[in-house]
Amino acid sequence: LRGMWLAGIDFSNTDLSNADLSFANLRGANFVGAKLENTNFQTASISGAVFEDVKFSASSARLLEVKRKNSRSRYLRR
């Protein structure tokens, strides 16, 4: 999934553990209830993406928290 255009895709309740989403366009994607343990979001575009009730590792959480500060994504901790 690295570098793919995935804008607006519904990933709700999907297991994306260990997925490489780096460089992907995830604008407006829905991750509600998704499993994101060890998922790589490095340099991914997440503006407008929804991260509610997700299950993720600490490393994924830190990366998303940094990206959230510069985007309009809805991000809630587990």
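Below, all heavy atoms of this structure are taken into account, side chains as well, without hydrogens, waters or symmetry copies.
A single hydrophobic cluster is seen to contain both L6 and F56, as judged by linkage of ILVMFWY side chains at heavy-atom distances under 4.5 Å, directly or through other members. F31 and I9 end up in the same hydrophobic cluster when Ile, Leu, Val, Met, Phe, Trp and Tyr side chains are linked at under 4.5 Å. Taking hydrophobic clusters as Ile, Leu, Val, Met, Phe, Trp and Tyr residues chained together by side-chain heavy-atom distances below 4.5 Å, F23 does not share a cluster with M4. Residues I46 and W5 are members of separate hydrophobic clusters, defined by side-chain heavy-atom contacts under 4.5 angstrom among Ile, Leu, Val, Met, Phe, Trp and Tyr.
If you run side chain to side chain contact (heavy atoms under 4.5 Å, CB included) between N30 and each of N13, D10, T14, only D10 comes through.
Atom CD of E37 and atom CG of D15 lie 7.5 Å apart (nearest 0.5 Å).
Shown here for L26 and A49, the closest heavy-atom pair between the two residues is O-CB, 3.7 Å. When all heavy atoms of S22 and R2 are compared, the closest pair comes out as OG-NH1, 3.1 Å.
With contacts defined as side-chain heavy-atom distances shorter than 4.5 Å, the pair T39/N18 does not qualify.
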ask   = Does the side chain to side chain donor-acceptor pair (under 3.5 Å) test come out yes or no for S47 and R27, once each step is laid out?
value = CA-CA 5 Å; S47 180; R27 292 179 180 193; 5.3 Å; no

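By the 30° and 60° cut-offs, the orientation of the rings of F51 relative to F41 is perpendicular.
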